[in-house]
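Ligands are counted one by one from 1 in listed order, and the atoms in each one are counted from 1 as well. All values reported here derive from a predicted model rather than from experimental measurement.
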Amino acid sequence: MLILGIDTSCDDTAASVVEDGVKIISNIVSSQTDIHTKYGGIVPELASRRHIEMIWPVVDEALKSAGIKFEGLSAIAVCHGPGLIGSLLVGCSFAKALCFSKNIPLVAVNHLEGHVFSAFLEDPRPEFPFISLVASGGHTSLYRVDGFGRYTELGRTRDDAAGEAYDKVSKLLGLGYPGGPVIDKLASEGNPGAIDFPRAYLPESFDFSFSGVKTAVLHYVRAAISSQPSALSDIAASFQACVIDVLVRKTEWAIRKEGIRRVTLSGGVSANSELRRRMKKMGEERDVEIFIPSVSLCTDNAAMIAAAGFHYFNAGRLAGMDLNPKAYLPL
Ligand code: KG4
Ligand code: ZN
């Protein structure tokens, strides 16, 4: 069964063909980093305009490289939220028009559910139940996943998402957008113990908070102008250590509380080399299975939307032509 997935939730135009929810046949992502970099972040209006230009070429390429035509599709799965409303509108309108004109069933997938299901696109695949940490530019949440459609949110960020903290710290250090990859690289050359930035563990809760560490970096940088500043790489490594310590520790707590020995990691921040290393190390020490997709499946893509969409289609949960995107859409 072949599903075409479409995701335009943020600043990537993505389309992918996936077989039976697990096998990637094609996976195309058109990045918009070039147009947003000079503004230090995503400009929503520019993002939706670029989606309009790119949606057809990207979908066409996904079908061509899969070697199929619309007739070969069982359904089209589109991300309908959460995300930037103008961006989501492009993907949803395009998917509805395709389904209407080609008489193909439509399914609607939550972007966060997509990130959770990215774990099924590569071997080895997790069995249910598992703990899922989704850390991206817009969200940072811990879920208990008992099956398709059976998600319990254990905690979420109370302020900035982990990726948002990376992006903001990168901007204030003058390192550009997106911040995650550049801080990841710089941190590998720095000392994570150089500066003692605060870690918000929020005991008694699985919630996260990353705005404090971001502000601490800001104060440090301002004060450092008149004193002897640490190397940029030390600031990056010390900031990153705070974020990763909290993400790993909270995941450990969730494992213990829920008594589940399987963890999946997804969302753009799980592309981080140090987070991947630390999470795998924690898994080895605690005898817990850790599932981390390849980097291209951690960041936004449409294969994850098709993977989750497969289960909607199987369950007969189709969307109608009245489908509207939602900027805020909890899992
Ligand atoms: O999942 P994603 O592609 O889009 C959203 O749904 O938000 O995540 C993008 C976020 C950005 O904040 C970016 O800075 C962060 O993921 N990111 C990283 C890395 N690569 C991307 N953060 C830390 N280390 C990385 N290597
Ligand atoms: Zn995402």
Side-chain angles (χ1 to χ4, degrees), residues 5-14 16 27 29-33 36-37 40-42 44 47 51 79-84 87-88 91 109-119 132-141 143 156-157 160-173 175-188 190 192 208 210 213-214 236-237 239-248 264-279 292-305 307-308 327-329 331:
I6 294 177
D7 189 293
T8 61
S9 57
C10 196
D11 62 338
D12 291 315
T13 316
S16 167
N27 192 17
V29 179
S30 168
S31 164
Q32 301 185 357
T33 305
H36 301 292
T37 298
I42 298 166
H51 282 307
C79 166
H80 67 128
L84 299 172
S87 293
L88 289 163
V109 173
N110 182 307
H111 184 77
L112 300 168
E113 193 172 23
H115 276 307
V116 170
F117 274 81
S118 61
S132 182
L133 173 66
V134 180
S136 70
H139 302 87
T140 298
S141 298
Y143 300 99
R156 62 158 68 191
T157 184
D160 290 350
E164 190 179 355
Y166 268 94
D167 293 338
K168 287 178 175 169
V169 164
S170 174
K171 191 172 179 179
L172 71 90
L173 294 178
L175 299 172
Y177 173 85
V182 62
I183 290 186
D184 187 352
K185 187 163 179 298
L186 200 58
S188 67
F208 300 93
F210 296 108
V213 61
K214 171 199 68 186
F239 157 74
Q240 175 164 283
C242 290
V243 175
I244 294 179
D245 283 353
V246 172
L247 291 175
V248 175
T264 68
L265 201 57
S266 58
V269 178
S270 43
N272 185 274
S273 53
E274 182 62 10
L275 176 61
R276 297 167 83 89
R277 190 188 69 76
R278 288 275 307 278
M279 207 55 104
I292 313 177
S294 301
V295 168
S296 62
L297 296 175
C298 287
T299 48
D300 284 352
N301 65 87
M304 66 186 198
I305 303 300
Y328 177 73
L329 185 66
L331 186 56

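Take the Zn ion (ligand 2) as the corner point: the lines to NE2 of His111 and to OD1 of Asp300 open at 90°, to the nearest 10 degrees.
At a heavy-atom distance under 4.0 Å, atoms from both the backbone and the side chain of Asn272 approach ligand 1. Proximity of His139 to ligand 1, defined as any heavy-atom pair under 4.0 Å, is not found for any part of the residue.
One option in Ala161, Ala271, Ser9, Gly137 has a heavy atom closer to atom 7 (O) of ligand 1 than any other, and that option is Gly137. Taking only non-hydrogen atoms, the option from Cys298, Ala187, Gly268, Gly163 nearest to atom 20 (N) of ligand 1 is Gly268. Comparing Ser266, Gly267, Gly180 against atom 25 (C) of ligand 1, the shortest heavy-atom distance belongs to Gly180. One option in Leu112, Asp167, Asp7 has a heavy atom closer to atom 14 (O) of ligand 1 than any other, and that option is Asp167.
For Thr299, no nitrogen or oxygen atom sits less than 3.5 Å from a nitrogen or oxygen atom of ligand 1, counting backbone and side chain alike. Checked against a 3.5 angstrom limit, the closest N/O atoms of Asp12 and ligand 1 fall outside it.
Checked by atom type, the side-chain pair His111/Ser9 shows a donor-acceptor distance below 3.5 Å.
Numbered from 1 in the order shown, with element, the atoms of ligand 1 that lie under 4.0 Å from a heavy atom of Asp184 read 25 (C), 26 (N). Numbered from 1 in the order shown, with element, the atoms of ligand 1 that lie under 4.0 Å from a heavy atom of Gly138 read 7 (O).
Aromatic rings of Phe210 and Tyr166 (six-membered ring for Trp) have centroids beyond the 6.0 Å cut-off, not under it.
Heavy atoms of Gln240 come nearer than 4.0 angstrom to ligand 1 in no pair at all.
At least one N/O/S atom of His115, from backbone or side chain, sits under 2.8 Å from the Zn ion (ligand 2).
Interatomic distance, Ile42 CD1 to Asp11 CG, rounded to the nearest 0.5 Å: 3.5 Å. For the atom pair NZ of Lys168 and CG of Leu173, the computed distance is 14.5 Å after rounding to the nearest 0.5 Å.
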